Number of protein chains: 2
Amino acid sequence: MGLKSSEKRTRRRPKQRRAVETVNAVLDTVIRILKREGFAALTTNRIAEVAGVSIGSLYQYFPDKQAIFAALHKRHIDEIDHLLAATLMEHAGSPLDRLMRALVEAMVDAHTQDPELYELLAATVPHRAAGTRDFAIRLHGAFLHAISSRLKKPKKRRELEKTAFIVTHMVESLSHGVVLRRPPGLSLAEAKEEAARAVLAYLRA
Amino acid sequence: MGLKSSEKRTRRRPKQRRAVETVNAVLDTVIRILKREGFAALTTNRIAEVAGVSIGSLYQYFPDKQAIFAALHKRHIDEIDHLLAATLMEHAGSPLDRLMRALVEAMVDAHTQDPELYELLAATVPHRAAGTRDFAIRLHGAFLHAISSRLKKPKKRRELEKTAFIVTHMVESLSHGVVLRRPPGLSLAEAKEEAARAVLAYLRA
DNA sequence: AAAATTTGTGAAGGTTTGCTCACATTTTAG
DNA sequence: CTAAAATGTGAGCAAACCTTCACAAATTTT
């Protein structure tokens with residue numbers, strides 16, 4: 001691997017459709033290998049082999065192995081980003097409780113597929129990375145706005161910031177916990193509902 | 001690396017004091033290298049070099065590289081374990097709000113040193129690992145008991161389980177978030193207090 | 001149809017890595 | 001003091017790794 005910050009030599013960007021497919025095949029393959037064979041088996045040559053492309057093709061679009069991780073992480077963040085934006089849009093007129101339930105639902109669904117994978121990615125790609133920070137800031141802003149516009153008694157900016165910070169993390173981490181660490185005997189639906197209730201309890205206090 | 005489950009050939013266990021010191025030097029060095037040089041620089045030879053022991057000594061106590069990670073993770077879990085046990089003991093007679101504040105405080109303090117490191121460890125060592133699971137179960141049990149004995153209106157077992165699940169994760173992840181993702185302008189003390197308030201709001205609802 | 005561009009190929013170089021083993025040294029036990 | 005056990009050593013090997021490069025094939029442009 002290589003988690004150091006390195007020169008960002010930009011490689012060729014895919015122009016034709018087949019090139020885009022190559023890039024996607026690579027990223028999908030990384031996920032598949034991580035799930036089926038584990039972190040240790042994730043070598044550049046194996047990625048190329050399983051993806052059905054040559055190792056040379058891989059290096060046409062990724063300057064080094066670490067860049068593949070970054071791209072994968074970005075793809076995941078973008079997914080979540082769109083999902084949350086859509087949920088916020090869809091519930092623009094909904095009251096707070098409906099919105100929060102929907103947000104928890106969306107986050108849980110987004111992580112139900114490969115929760116462990118994205119935990120590993122989140123830990124592997126540092127928080128300072130450009131995309132990660134931007135995402136966190138946008139998320140925080142979106143929550144702040146959503147909450148602010150639904151409060152009966154307006155809060156001070158500073159209080160709002162605190163509230164948004166807590167709510168953002170509650171939604172994110174509880175969703176994560178619901179998927180990944182829910183004890184046996186507790187259904188997904190129940191866990192989701194309880195997580196939403198926790199968020200709402202805080203917001204109403 | 002090697003995250004696959006492998007044969008657990010047990011190596012020599014340190015009997016003398018200097019052997020224990022060797023083992024600790026190795027573990028401390030891993031942390032130091034991770035912080036200063038990053039994940040990529042963490043090779044067995046480099047660990048030995050920085051720790052001031054020979055590579056041979058390292059392999060006297062760790063069957064392979066992965067085992068070093070596991071040991072480090074275990075050490076961290078044990079620390080948290082003792083800390084939480086102590087906090088629960090110390091506040092055996094305290095009301096819920098004092099206890100929760102103390103718990104958040106303890107968790108935050110425990111992660112203030114190297115938050116990123118332990119995030120990486122948590123993601124690297126799978127949740128199914130023996131120690132990790134045991135810890136989660138103990139933690140859950142402790143929270144359940146602490147909450148249960150302080151409720152005025154007793155809850156059903158099933159409800160209690162849910163509550164303990166949520167509270168455990170709130171304390172854990174909010175503490176983590178307070179340290180690692182707190183937005184600039186929000187003090188540690190303020191963030192801690194707000195996290196505790198969130199937990200209490202949920203418990204009172 | 002030719003030229004230019006984009007995409008795909010994979011053998012192999014040069015480096016690095018995890019780990020062993022035969023042996024030296026230190027500590028404990030008898 | 002001697003034997004046995006525990007601990008420490010580090011050169012070096014076999015394996016694995018990332019990445020390059022010279023070139024071929026496919027596609028687009030002129």
Side-chain angles (χ1 to χ4, degrees), chain A residues 1-30 33-34 37-72 124-125, chain B residues 1-30 33-34 37-72 124-125:
Chain A
M1 296 242 335
L3 295 191
K4 293 177 161 184
S5 60
S6 53
E7 291 182 30
K8 293 182 181 179
R9 276 177 307 166
T10 304
R11 290 284 159 111
R12 176 164 283 167
R13 222 168 301 179
K15 299 276 186 183
Q16 303 174 10
R17 188 178 308 168
R18 61 184 179 139
V20 176
E21 276 163 10
T22 297
V23 170
N24 284 331
V26 167
L27 295 181
D28 292 342
T29 299
V30 171
I33 293 177
L34 277 175
E37 304 173 46
F39 191 90
L42 197 77
T43 69
T44 52
N45 285 289
R46 178 111 186 95
I47 294 169
E49 179 192 335
V50 176
V53 304
S54 82
I55 179 66
S57 288
L58 192 156
Y59 276 93
Q60 295 271 355
Y61 307 103
F62 300 99
D64 56 30
K65 196 184 174 184
Q66 153 69 6
I68 306 176
F69 274 73
L72 201 54
T124 300
V125 178
Chain B
M1 293 249 332
L3 295 190
K4 293 177 159 182
S5 59
S6 54
E7 293 180 29
K8 294 183 182 179
R9 276 177 305 165
T10 304
R11 290 284 159 109
R12 174 167 285 166
R13 221 168 302 178
K15 300 274 185 186
Q16 303 175 9
R17 189 180 307 169
R18 60 183 180 141
V20 176
E21 276 162 12
T22 297
V23 170
N24 284 331
V26 167
L27 295 181
D28 292 342
T29 299
V30 171
I33 293 178
L34 276 174
E37 305 174 45
F39 192 90
L42 197 77
T43 69
T44 52
N45 284 291
R46 179 110 185 95
I47 294 169
E49 179 193 336
V50 176
V53 304
S54 82
I55 179 66
S57 288
L58 193 155
Y59 277 95
Q60 295 272 355
Y61 308 102
F62 302 98
D64 56 29
K65 195 184 175 184
Q66 152 70 6
I68 307 176
F69 274 74
L72 201 54
T124 300
V125 178

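Because the structure is predicted, anything quoted here is derived from the model rather than measured. All values below come from the heavy atoms of this structure, side chains included, with hydrogens, waters and symmetry mates left out. Letters A, B, ... mirror the listed sequences (proteins, then strands); counts begin at 1.
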Which pairs, protein N/O on one side and nucleotides 10-14 of chain C N/O on the other, fall under 3.5 Å?
{"residue": "C/dG10", "atom": "N7", "partner": "A/G56", "partner atom": "N", "Å": "3.3"}

Can you give me the N/O atom pairs linking the protein to nucleotides 23-30 of chain C at distances under 3.5 Å, or say none if there are none?
none

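Here the side chains of A/F62 and A/I47 are not in contact, with every heavy-atom distance at 4.5 Å or above.
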Side chains of residues 15-22 of chain B: which donor-acceptor partners sit under 3.5 Å, not counting sequence neighbours?
{"residue": "B/Q16", "atom": "OE1", "partner": "B/R18", "partner atom": "NE", "Å": "3.1"}
{"residue": "B/T22", "atom": "OG1", "partner": "B/R18", "partner atom": "O", "Å": "3.0"}

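Rounded to whole Å, the distance from CD on A/Q66 to C1' on D/dC18 is 14 Å. Atom CZ in A/F39 sits about 18 Å away from atom P in D/dA16, given to the nearest Å. Taking atom CD on B/E49 and atom P on D/dT9, their separation rounds to 13 Å, with Å as the unit. One can place CD1 of B/I47 at 10 Å from P of C/dC19, the figure rounded to the nearest angstrom.
If you check every strand for non-hydrogen atoms under 4.0 Å, A/T44 touches a base. If you check every strand for non-hydrogen atoms under 4.0 Å, A/R46 touches nothing.
Regarding contacts with the backbone of D/dG8, a side-chain N or O of B/Y61 is found under 4.0 angstrom from either OP1 or OP2. Note on B/K65: a side-chain N or O is less than 4.0 Å away from OP1 or OP2 of C/dG18.
Distance OH/B/Y61 to CD1/B/I68: 13.5 Å, rounded to 0.5 Å.
Of all heavy-atom pairs between A/T43 and A/K65, the closest is CA-NZ, 4.4 Å. Residues B/F39 and B/L34 come closest through the heavy atom pair CA-CD2, 3.7 Å.
Listed by chain and number, the residues in a side chain to side chain contact (heavy atoms under 4.5 Å, CB included) with B/A48 are B/V53, B/I55, B/L58 (sequence neighbours excluded). When the side-chain hydrogen bond (donor to acceptor under 3.5 Å, both in side chains) test is applied to B/N45, no partner is found at least two apart in sequence or on another chain. Legend: residues meeting side-chain hydrogen bond (donor to acceptor under 3.5 Å, both in side chains) with A/N24, ordered by chain and number and at least two apart, are absent.
Checked against B/T29 for a side-chain contact (heavy atoms from CB on, under 4.5 Å), the options B/V26, B/I33, B/L27 give a single hit: B/I33.
Closest approach to the A/Q60 side chain among C/dG8, C/dG18, D/dC18 is made by C/dG8 (side chain taken as heavy atoms from C-beta onward).
Along DNA chain C, the nucleotide nearest to B/L42 and the one nearest to A/V20 differ in position, and the one closer to the 5' end is contacted by A/V20.
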